[in-house]
Each structure stands twice: as C-alpha cells, then as structure tokens.
Amino acid sequence: MSPEVACQPAPNILIVDDNPANLRLLAGMLRERGYKPRPVLSGEQALGAARLIHPDLILLDITMPNMDGFAVCEHLHADPNLKSIPILFISALTDTDNKVKAFTAGGCDYITKPFQFEEVEARVRMQLEMQSQRRELQRNYEQLRKLEALRDNLTHMVVHDMRGQLMAMMLSLELLPDSKEGDYESEAHLERARAGATTLEKMMTLMLDISRLEADEMPLNKTRCELTELSRIVIDSLSSVAGARLVNLCTEGVIEAECDQELIRRVLQNLLGNAFKFTRPDGTVDVRITSVNVMARVSVHDNGSGISPEHQDRIFDKFQQAGTDKAILGTGLGLASCRLAVEAHGGRIGVDSAIGAGSTFWFTLPH
C-alpha cells in the first residue's frame with residue numbers, strides 16, 4: 001500500500017465464507033497488505049458484524065447453509081445504514097446466471113474460485129478507491145447544499161433588513177414636503193433618511209467583504225500599525241453609539257502589528273459595536289491591547305448578560321448573533337466578517353463568556 005494510504009486507518013474488510021480454510025487464507029493475505037480483515041462463517045454472523053461495525057468492503061461467498069450470499073446481500077441493501085457498503089462476491093459458481101443474479105442482488109464485482117490473490121487485491125483496492133470517491137462526492141454534495149442554504153438565508157435576511165431601511169427612508173422623504181423648510185421636523189426626517197442610507201452602505205460593504213474574503217480575493221494592504229492609536233480612533237468614532245457607557249482603553253505601551261488598517265478598523269468597530277449593544281447604558285466596556293509571544297492581542301470586554309456555551313462555538317459563523325434580543329439583531333454577518341478578516345492576516349479570533357458575567361471578544365495578529 002502507498003504511504004498515503006498507510007497513514008490512514010486500515011480499511012475494514014468483512015470476509016464471509018463457511019469454509020474456515022478460505023477465511024484464514026484471505027484474512028492472512030489481506031492483513032499482510034495492511035488491511036483489517038474480519039472473518040465470519042455464516043450469513044447471520046455477517047449481518048450482525050456489519051451492523052455492529054460498518055465495514056468499508058464485504059467479500060461474500062454465495063454457497064453457504066441457512067442463508068446464502070444472495071440473501072445476505074439483499075438484507076444488507078434493505079438496511080439504510082448498510083446499503084452503501086460495496087459487496088464483492090467470491091464464489092466457485094462460474095455460470096453466467098449466478099453472476100447476473102449476484103449483480104442483480106446488489107454486488108459490485110464477482111471473482112470466481114479458485115482465485116489469484118493478486119486479482120482479489122486489485123479488485124479490493126479498486127472498490128475501496130471507488131467507495132472513497134463516492135464518499136468524497138457525497139461530502140461535496142452536502143457541503144454544496146449547505147452553501148446553497150446559506151446563500152438563500154443570506155438573500156432573505158439581508159433583503160428583509162434592507163427593505164426595512166428603505167421603507168424608513170421613503171417614509172421620511174415622503175413627509176418632507178409637508179414640513180416647513182428649516183424646521184426641526186424636516187431636519188429629523190432628513191437625518192433618518194441619511195442614517196438609513198449609511199446603514200445600507202455598511203451592509204453592502206459587509207456583504208462584499210465576506211464574499212471576497214471567502215473567495216480569497218481580498219487584497220490586503222499591510223502596513224505597520226500601532227494598535228493603541230487605531231483603537232483610540234475607533235473608540236472616538238463610536239462615541240455617539242457608546243452614549244453614557246464608559247470605555248476603558250488599557251495597553252502595554254506601543255504594540256504594533258503588520259496588518260491592513262482598514263480591515264482591522266472594521267473588526268474593532270464590529271466588536272465595539274456589539275459590546276455597546278449588550279452593555280447597559282451606564283455600563284463599562286474594556287479594551288485591552290497586549291503582546292503574547294509573537295502575536296498582538298486585542299480584547300473587548302462587556303458587562304452584558306453573557307453567551308451560553310452552546311452558542312460560543314458557532315457565533316463567528318454567518319447568520320449567528322451574539323445575543324437573543326431581536327430588537328438589536330442584524331444580519332448576523334458582522335462577526336463572520338471579523339473572523340474572515342483576522343484569519344486572512346494569519347491571526348485567530350474567539351470569545352470567552354459566561355452567563356451573567358459578560359463576554360470578552362478577542363483577536364490576535366502577527367507582530
């Protein structure tokens with residue numbers, strides 16, 4: 001067997017034959033070639049062994065007492081958990097009728113006795129390779145279905161949110177003609193329209209960023225960036241969002257990272273924006289910048305309600321949100337974009353949280 005195959009778990013091959021000598025011969029030869037043979041003497045034992053541990057391949061004799069190979073094959077194919085296992089018949093029956101019956105019953109190959117082991121091994125190897133390819137195709141198909149579902153969810157969720165923003169803008173603009181020029185009400189309508197347009201622009205940028213990062217098509221304009229200064233700029237830009245919340249910035253002196261400043265600025269904006277959402281109006285948000293080995297580490301801690309453990313593993317996936325208050329949930333793309341941006345830099349991102357103890361979102365970047 002090749003080194004690549006040898007590094008993988010040995011293929012599990014169930015051998016079914018009522019002749020102990022045949023079992024010993026086949027099992028010994030397969031074991032010498034790096035396979036894991038499991039010999040059984042009857043059809044009933046074969047069904048029990050296959051249900052206990054699913055084999056990668058079954059070598060099946062036809063002529064056996066009580067339950068012949070054809071019946072075993074039919075039972076296996078009637079079980080949804082076993083029907084995909086390839087079955088290779090090895091039989092002394094050489095007539096065409098039995099060969100046709102074997103394939104009709106669900107066999108994938110047929111070898112006549114007395115057999116040459118080189119032929120058996122070649123056919124075993126071929127069936128295992130085909131089975132591996134089928135499994136890979138199935139995995140790809142399932143992944144494609146998931147991606148299609150994510151795409152559909154993205155379309156529905158983003159269009160819904162955009163529609164809400166557009167309706168608010170349209171209503172504000174429709175009310176303008178009824179308002180006197182320069183009065184407070186007109187200014188309020190205009191401000192709401194501007195805010196809606198700004199939100200839509202951010203959503204569009206976020207969608208484009210995620211698409212380009214996932215396709216590995218986002219060009220990174222890396223420069224030396226002083227993270228403390230960048231954090232101050234982001235905190236100042238979000239002062240209107242922070243409201244009365246206090247933001248503490250703690251740092252261990254000058255800490256630099258090689259990064260795309262615009263992308264990392266958006267990461268900080270997302271993490272701080274989430275922290276403000278889940279922190280009470282008079283609460284505190286702590287931003288800490290440290291150096292750990294060869295990495296710079298930025299953390300944002302809030303004193304909100306915290307995130308349950310079962311949600312922490314999925315929180316950076318698309319369409320997952322950091323809380324449960326529907327009034328403040330968006331498309332669930334912000335943290336996904338943060339993960340992609342940080343990983344594109346060779347860094348890591350995560351969250352430490354406990355119910356009632358707030359949350360600490362953190363990410364690392366190479367110095």
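Worth knowing before you read on, the calculation uses all heavy atoms, side chains too, and leaves out hydrogens, waters and symmetry mates.
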Hydrophobic cluster membership, [X] vs [Y], 4.5 Å side-chain cutoff:
X: Leu249; Y: Leu272; value: yes
X: Leu365; Y: Met295; value: no
X: Phe361; Y: Val241; value: yes
X: Leu93; Y: Ile111; value: no
X: Val234; Y: Val247; value: yes

Do [X] and [Y] touch side chain to side chain, with heavy atoms closer than 4.5 Å?
X: Val351; Y: Leu335; result: no
X: Asn270; Y: Ser337; result: yes
X: Thr360; Y: Asp302; result: no
X: Gln127; Y: Asp56; result: no
X: Phe276; Y: Arg245; result: yes
X: Asn19; Y: Leu41; result: no
X: Leu59; Y: Val16; result: no
X: Val298; Y: Arg288; result: no

Next item on the list: Check step by step if side-chain contact (heavy atoms from CB on, under 4.5 Å) holds for Val40 and Ile15.
Entry: CA-CA 6 Å; Val40 296; Ile15 311 172; over 6 Å; no

Least distance between heavy atoms, [X] atom then [Y] atom:
X: Ser308; Y: Ile355; answer: N-CD1, 3.5 Å
X: Met64; Y: Gly69; answer: CE-N, 4.0 Å
X: Thr279; Y: Thr284; answer: CG2-N, 3.8 Å
X: Leu268; Y: Ser231; answer: CD1-OG, 3.9 Å
X: Gly283; Y: Asn303; answer: CA-ND2, 3.8 Å
X: Asp61; Y: Asp18; answer: OD2-OD1, 3.7 Å

Test item: [X] side-chain N/O and [Y] main-chain N/O as donor-acceptor pair under 3.5 Å:
X: Asp260; Y: Asn221; value: yes
X: Ser132; Y: Glu129; value: no
X: Ser353; Y: Gly358; value: yes
X: Glu226; Y: Glu229; value: yes
X: Ser299; Y: Trp362; value: no
X: Arg38; Y: Ala49; value: yes

Rounded to the nearest 0.5 Å, what separation is found between the [atom1] atom of [X] and the [atom2] atom of [Y]?
X: Ile87; Y: Cys73; atom1: CD1; atom2: SG; answer: 3.5 Å
X: Leu76; Y: His54; atom1: CG; atom2: NE2; answer: 10.0 Å
X: His345; Y: Glu258; atom1: NE2; atom2: CD; answer: 9.0 Å
X: Cys225; Y: Gln261; atom1: SG; atom2: CD; answer: 4.0 Å
X: Arg265; Y: Ile233; atom1: CZ; atom2: CD1; answer: 9.5 Å
X: Leu230; Y: Glu262; atom1: CG; atom2: CD; answer: 9.5 Å

Margin query: Set out, in order, the CA-CA distance, both residues' side-chain angles and the distance that settles salt bridge (charged side-chain N to carboxylate O under 4.0 Å, His left out) for Glu142 and Arg145, then state yes or no.
Written below: CA-CA 5 Å; Glu142 291 171 357; Arg145 291 188 61 184; over 6 Å; no

Item checked: side-chain hydrogen bond (donor to acceptor under 3.5 Å, both in side chains) between Gln131 and Arg134, intermediate numbers included -> CA-CA 5 Å; Gln131 179 73 338; Arg134 283 191 291 268; 2.9 Å; yes

Note to self: Counting only heavy atoms not in Asn293 (residues, nucleotides, ligands), do more than 12 fall under 6.0 Å from its CG?
What the structure shows: no

Margin query: With side-chain contact (heavy atoms from CB on, under 4.5 Å) as the criterion, how do Leu26 and Phe115 come out once you've worked through the C-alpha distance, each side chain's angles and the decisive distance to 0.1 Å?
Written below: CA-CA 10 Å; Leu26 275 172; Phe115 55 80; 3.7 Å; yes

Next item on the list: Can you label the angle between the Phe89 ring and the Tyr110 ring as parallel, tilted or perpendicular, going by 30° and 60°?
Entry: tilted

Item checked: salt bridge (charged side-chain N to carboxylate O under 4.0 Å, His left out) between Glu256 and Arg224, intermediate numbers included -> CA-CA 6 Å; Glu256 294 184 334; Arg224 296 301 297 172; 3.3 Å; yes

Checklist line | side-chain hydrogen bond (donor to acceptor under 3.5 Å, both in side chains) between Asn248 and Asp286, intermediate numbers included | finding: CA-CA 5 Å; Asn248 291 324; Asp286 295 314; 3.0 Å; yes

Check: Between His367 and Ser291, is any side-chain donor less than 3.5 angstrom from a side-chain acceptor?
Finding: yes

Margin query: Test salt bridge (charged side-chain N to carboxylate O under 4.0 Å, His left out) on Glu343 and Arg348; report intermediate values, then the result.
Written below: CA-CA 6 Å; Glu343 290 179 353; Arg348 296 176 58 234; over 6 Å; no

Notebook entry, point to check: Knowing that exactly one of Lys99, Arg123, Arg125 qualifies, which makes a salt bridge (charged side-chain N to carboxylate O under 4.0 Å, His left out) with Asp109?
Noted result: Arg123

Checklist line | salt_bridge(Lys113, Asp17) N-O dist < 4.0 Å | finding: yes

